[in-house]
Amino acid sequence: MGLTKQYLRYVASAVFGLIGSQKGNIVFVTLRGEKGRYVAVPACEHVFIWDLRKGEKILILQGLKQEVTCLCPSPDGLHLAVGYEDGSIRIFSLLSGEGNVTFSGHKAAITSLKYDQLGGRLASGSKDTDVIVWDVINESGLYRLKGHKDAITQALFLRGKNLLVTSGKDTMVKWWDLDTQHCFKTMVGHRTEVWGLVLVSEEKRLVTGTSDSELRAWDIAYLEEIEDPEEPEPKKIKGPSSGIQDTHETEDGALETSEAPEDRILTCRKAGSIMREGRDRVVNLAVDRTGRILACHGTDSVLEVFCILSGEEIQKKKDKKMKKARKKAKLSSCKGEEEDLEVSVEMTLQDEIQRVTNIKTSAKIKSFDLIHSSQGELKAVFLLQNNLVELYSLSPSALTTQPVRASRIAIGGHRSDVRTLSFSSDNIAVLSASADSIKIWNRSTLQCIRTMTCEYALCSFFVPGDRQVVIGTKTGKLQLYDLASGNLLETIDAHDGALWSLSLSPDQRGFVTGGADKSVRFWDFELVKDENSTQKRLSVKQTRTLQLDEDVLCVSYSPNQKLLAVSLLDCTVKIFYVDTLKFFLSLYGHKLPVICMDISYDGALIATGSADRNVKIWGLDFGDCHKSLFAHDDSVMYLQFVPKSHLFFTAGKDRKIKQWDADKFEHIQTLEGHHQEIWCLAVSPSGDYVVSSSHDKSLRLWERTREPLILEEEREMQREAEYEESVAKEDQPAVPGETQGDNYFTGKKTIETVKAAERIMEAVELYREETAKMKEHKAICKAAGKEVPLPINPILMAYGSISPSAYVLEIFKGIKSSELEESLLVLPFSYVPDLLTLFNELIQLGSDVELLCRCLFFLLRIHFGQITSNQMLVPVIEKLKETTISKVRQVRDVIGFNMAGLDYLKRECEAKSEVMFFADATSHLEEKKRKRKKREKLILTLT
């Protein structure tokens, strides 16, 4: 069967007009060895890296579909961990911009990501109340920590100890011992959600931010410092495990003074609180890397900065206070010396954590990050609510100084939602207008080439010739701008209410406007004398008015300029003759007002989109409804035909753009990408490009490819995608001894893990077949008394004629490290005996011992009962025990030898560098001596 009708596919080409989206947090990143110059910002599903000095976007870390909710740079500055809305985490290399590692374990959005001090582990907290610790180097999950009853807000590793502290919206702060993966302490001193958590003063103090205006400080004392120094070592090590049993009995232990069993690792006592100036909740609380500056902000535009004094500074302060107190005591008493000894000074929390200053930004703060620059000044970068990034610098040494705004990134986007878009006639320039500004973009480079201030824009078009633009505003004004100079040429009061719609006449001599004052007005372009110069400038004059009974929502000329379609608030579309303004047709059938409409290039069809979620296609000859299509799951916001065709695009509040065929009434394709409702779109005059704007502040460019789109294939792909989604939503596999729904492993079942398990099953089946063939072949050879050629399996031949066991190993190597456990978890038990014999064979050969041991131990853990009760597997397990122990010992010896060799090389290098250092120093000294002698000679000759 030949192709009946060919459509061309539109694909996402770019995201622009967005500086940073609201859901994630902004972070400083190190690029090209420079700190404090580059920031990573979430931008819908991508991450943009901005250069603060130049205000340019220098790198895009490409996401897939889900929105970014959390960012965290690694301690070495080479990687960036990115958390997404669906609970997945990707780790990107900042050098190449590629995301090589993916972790899937959470069921809901990631809310917190933190690396440990070396960057080997990553703790992720999510809205699903779990905390998972991931091994970044091995690319796998270590363990899942369950205990919180609401979303996690922060998770921090301690530097000195193998502990983790987490806070959640359930008002709890929990301490976890990572050696045993148990919560050994729960702090219940908060009455509201704990929104922020930081460790300061060398991890001896914890500061928490909640829903009130207090920052609470807690003193932490560790076990080793409290207990008797003469106590033997082993008892201290036992502490954590014995302290776990009574965890739940004394959950209020955080505020008690008696020694509870859980206090054997550390004790937490409230030290006091610092009052913030903001009355609302803490949104973000953070310290800089040095741990000296503490900052927090609420839902407003003020960042409060505090300085944490070091032990020496506090001591100095104390001594000063002592001096003053002694002086006072001497003056007030005549005894003098005797009372001198009794003077005591209390240091309050306010003396140890001092308020420095407030930084006021130009809009509400969504997130911030702090860094100390090499000059010693503090830099604070802010992601603001209105699509803006600002950088402030502050010199903490001179604490009286005011913060200075060093730079801002503003040109690349609008401050508010874009409500109207249009293309220039040459398909190159794109106009976007919002509540306060108009921007002209170059479509090919996506750079903003003009910004002009305007009133709240609702509709727009390029004047023929592309040198001027006309904007219709919410106050009913028409604004005419000159693009070359960026000046406002003229403002005309066109309507008494909002000017909802503009339509350029096909003869390009004028246009028509429709407004909320129940009128349609006709305008002509004219050239008038400019007072300021000798040349004439463009202006507009009103020619006619058509008064109606309802507010006008949309107007559109037919291509032959004979008819004018007007959409009214009474849910009808009325068609008038342009020359006489006489009524011709009324199109009624929509249940809610028609928000958008367009007439096809040949004037045969009119398509209307309404708030009732339907699109209706009508004939313009008799006004009959050809078809009503249920188009979107929410209001249809915009509709436009592709030039020279009967295909049209619709955009809806359901975040989708859809393409339809108005002749066959077929849905052709859906363009998904926006994360909030779509306000408008524009199709280029050539039909090759579509630009759309949304409430997520982004503008998206879609491009027509040369790839044909076949509807049957498209539907098939859609069904496959739906199936894959349903697989991931099915019940997670439960391990014996676990209840369904409880998942203690770090992974989760995804379509990738199911596919990986299928690959393992296929490989094992191939191995079974090939081993059976081998036996048969041997028997045949024996019977024939000579070598008979063995046919090689084509799959094995493709891998370079390897053995079946080597092929199974290749399949295991091909599975992502982060998906390995989950793939083995969904593997049926019938394949396990074969795998165990295979592992024994492969480990004996000494190939990939580490990977095979990981798989082996995991299978033994989850199928322990079945393996131990199976008599057939006893000899296999015995053999495995011998081979595994000897081979692992060998691997360990090799690693040990390599480590020793590296240590030796390190020492050699250090010794060499020291020798070099001394040689340099002596030559330096000799040079100085020579110079001094020269100078002395000069002085002698002069005198």
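Quick caveat: nothing in here was measured; it's all calculated off a predicted structure. Residue numbers count from 1 along this sequence.
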* **Non-neighbouring partners of Phe16 that pass ring-ring contact (aromatic ring centres under 6.0 Å, His included), sequence neighbours left out** => Trp441

* Option among Val47, Leu71, Val39 that satisfies the side chain to side chain contact (heavy atoms under 4.5 Å, CB included) test with Val27 -> Leu71

* Pairs flagged by ring pair (Phe, Tyr, Trp, His ring centres under 6.0 Å) wherever residues 49-69 is involved - sequence neighbours left out -> none

Identify all side-chain donor-acceptor contacts of residues 362-371 below 3.5 Å with residues at least two apart in sequence or on another chain.
residue	atom	partner	partner atom	Å
Ser362	OG	Glu390	OE2	2.7
Ser367	OG	Ile26	N	3.0
Asp369	OD2	Phe28	N	2.7

* Asked: With side chains defined as the heavy atoms from C-beta onward, is the minimum distance between Ser434 and Arg415 less than 4.5 Å?
  -> no

* Asked: Do Lys697 and Glu677 meet the salt-bridge criterion of a basic N to acidic O distance under 4.0 Å?
  -> no

* Criterion salt bridge (Lys or Arg N to Asp or Glu O under 4.0 Å) on Glu34 and Arg53, from CA distance to verdict -> CA-CA 12 Å; Glu34 275 195 78; Arg53 206 173 296 165; 3.4 Å; yes

* Checking side-chain contact (heavy atoms from CB on, under 4.5 Å) for the pair Arg281/Glu193: CA distance, chi angles, key distance, verdict? -> CA-CA 9 Å; Arg281 75 173 181 91; Glu193 296 99 330; over 6 Å; no

* Structure fact -> By salt bridge (charged side-chain N to carboxylate O under 4.0 Å, His left out), Asp51 pairs with (sequence neighbours left out) Arg37

* Tyr456 six-ring centre to Arg419 NZ/CZ under 6.0 Å and within 45° of normal -> no

* Does the side chain of Ser694 come under 3.5 Å of the side chain of Trp679 through a donor N or O and an acceptor N or O? -> no

* Could you pull out all residues at least two apart from Thr102 that satisfy side-chain contact (heavy atoms from CB on, under 4.5 Å)? => Arg90, Ser104, Lys816

* To do: Check whether the side chains of Ser167 and Gln154 place a donor and an acceptor atom closer than 3.5 Å, and report yes or no.
  => no

* Asked: In this structure, are over 12 heavy atoms from other groups packed under 6.0 Å from Ile411 atom CD1?
  -> no

* Asked: Taking atom types as modelled, is there a side-chain donor on Glu377 or Ser395 under 3.5 Å from an acceptor on the other?
  -> no

* Asked: Any luck finding a side-chain donor-acceptor pair between His675 and Asp696 under 3.5 Å?
  -> no

* Structure fact -> Of all heavy-atom pairs linking Ser422 and Phe462, the shortest is O-CE1, 3.6 Å

* Is there side-chain contact between Leu391 and Lys379, with at least one heavy-atom pair below 4.5 Å? -> yes

* Mind checking salt bridge (charged side-chain N to carboxylate O under 4.0 Å, His left out) for Lys23 and listing every partner two or more places apart, or none if nothing turns up? => Glu67, Glu85

* Could I get the full list of salt bridge (charged side-chain N to carboxylate O under 4.0 Å, His left out) partners for Asp688, not counting sequence neighbours? => Arg704

* Show the numbers, then the answer: is there a side-chain contact (heavy atoms from CB on, under 4.5 Å) between Val381 and Val389? => CA-CA 7 Å; Val381 70; Val389 168; 3.8 Å; yes

* Heavy atoms only: give me the nearest Ala81-Tyr115 pair and the separation to one decimal. => CB-OH, 3.7 Å

* Structure fact -> Phe382 meets the ring-ring contact (aromatic ring centres under 6.0 Å, His included) criterion, sequence neighbours left out, with Tyr392

* To do: Would you check if Leu421 and Ser693 make a side-chain contact, meaning some heavy-atom pair closer than 4.5 Å?
  => yes

* Asked: Is the shortest heavy-atom distance from the side chain of Leu215 to the side chain of Val282 under 4.5 Å?
  -> yes

* **Reported CD1-to-CG distance for the pair Ile19 and Asn386, which is rounded to 0.5 angstrom** => 8.5 Å

* To do: Ignoring hydrogens and angles, state whether a donor on the side chain of Thr451 or Ser437 is under 3.5 Å from an acceptor on the partner side chain.
  => no

* Quick check: are there more than 12 heavy atoms from other residues, nucleotides or ligands sitting under 6.0 Å from NZ of Lys127? -> no

* Parallel, tilted or perpendicular: rings of Trp134 and His106 (30°, 60°) -> perpendicular

* Side chains of Ile89 and Ile110: closer than 4.5 Å at any heavy-atom pair? -> yes

* So do the side chains of Leu285 and Leu294 get within less than 4.5 Å of each other, counting heavy atoms only? -> yes

* Asked: Taking it one step at a time, do Tyr10 and Tyr689 satisfy ring-ring contact (aromatic ring centres under 6.0 Å, His included)?
  -> CA-CA 8 Å; Tyr10 281 81; Tyr689 301 97; 9.1 Å; no

* Asked: Ignoring hydrogens and geometry, is there a side-chain-to-backbone donor-acceptor pair from Asn487 to Asp482 under 3.5 Å?
  -> no

* Asked: Hey, are Arg276 and Glu214 close enough for a salt bridge, meaning a charged N less than 4.0 Å from a carboxylate O?
  -> no

* Scan side-chain atoms only and decide if Tyr481 and Arg450 contain a donor-acceptor pair under the 3.5 Å cut-off. => no

* Could you verify whether a donor N or O on one side chain and an acceptor N or O on the other, from Ser460 and Thr420, lie under 3.5 Å apart? => yes

* Using ring-ring contact (aromatic ring centres under 6.0 Å, His included) as the criterion, list what pairs up with Phe92, not counting sequence neighbours. => none

* Asked: So Lys65 and Glu45, salt bridge (Lys or Arg N to Asp or Glu O under 4.0 Å) or not? Walk me through it.
  -> CA-CA 6 Å; Lys65 259 188 189 174; Glu45 68 271 34; over 6 Å; no

* **Val165 and Leu197: CA distance, side-chain angles, deciding distance, side-chain contact (heavy atoms from CB on, under 4.5 Å) verdict** => CA-CA 9 Å; Val165 57; Leu197 172 81; 4.1 Å; yes

* Heavy-atom pair of closest approach, residues Gly63 and His46 -> N-ND1, 3.0 Å

* Looking at residues at least two apart in the chain, or sitting in another chain, which of them share a salt bridge (charged side-chain N to carboxylate O under 4.0 Å, His left out) with Arg355? -> Glu277, Glu304

* To do: Look at the side chain of Thr69 and the backbone N and O of Thr111, then say whether any donor-acceptor pair between them is shorter than 3.5 Å.
  => no

* In sequence, state the C-alpha distance, the side-chain angles, and the governing distance for Asn442 and Ile428, and then conclude on side-chain contact (heavy atoms from CB on, under 4.5 Å). => CA-CA 6 Å; Asn442 180 326; Ile428 287 175; 4.3 Å; yes

* Any chance the side chains of Trp195 and Thr210 put a donor and an acceptor closer than 3.5 Å? -> no

* Asked: With a 4.5 Å heavy-atom cut-off, do Thr513 and Leu478 have their side chains touching?
  -> yes

* With distance as the sole criterion, is a donor-acceptor pair present between the side chains of Arg216 and Ser273 under 3.5 Å? -> no

* Structure fact -> So OG of Ser126 and CG of Asp86: to nearest 0.5 Å the spacing works out to 10.0 Å

* Listed by chain and number, what are the ring-ring contact (aromatic ring centres under 6.0 Å, His included) partners of Phe157, not counting sequence neighbours? -> none

* Residue pair Asn25 / Leu383, side-chain heavy-atom distance below 4.5 Å -> no

* Asked: Can any side-chain N or O of Asp150 pair as donor or acceptor with the backbone N or O of Thr129 at less than 3.5 Å?
  -> no

* **Sequence-distant partners of Thr453, side-chain contact (heavy atoms from CB on, under 4.5 Å), two or more places apart** => none

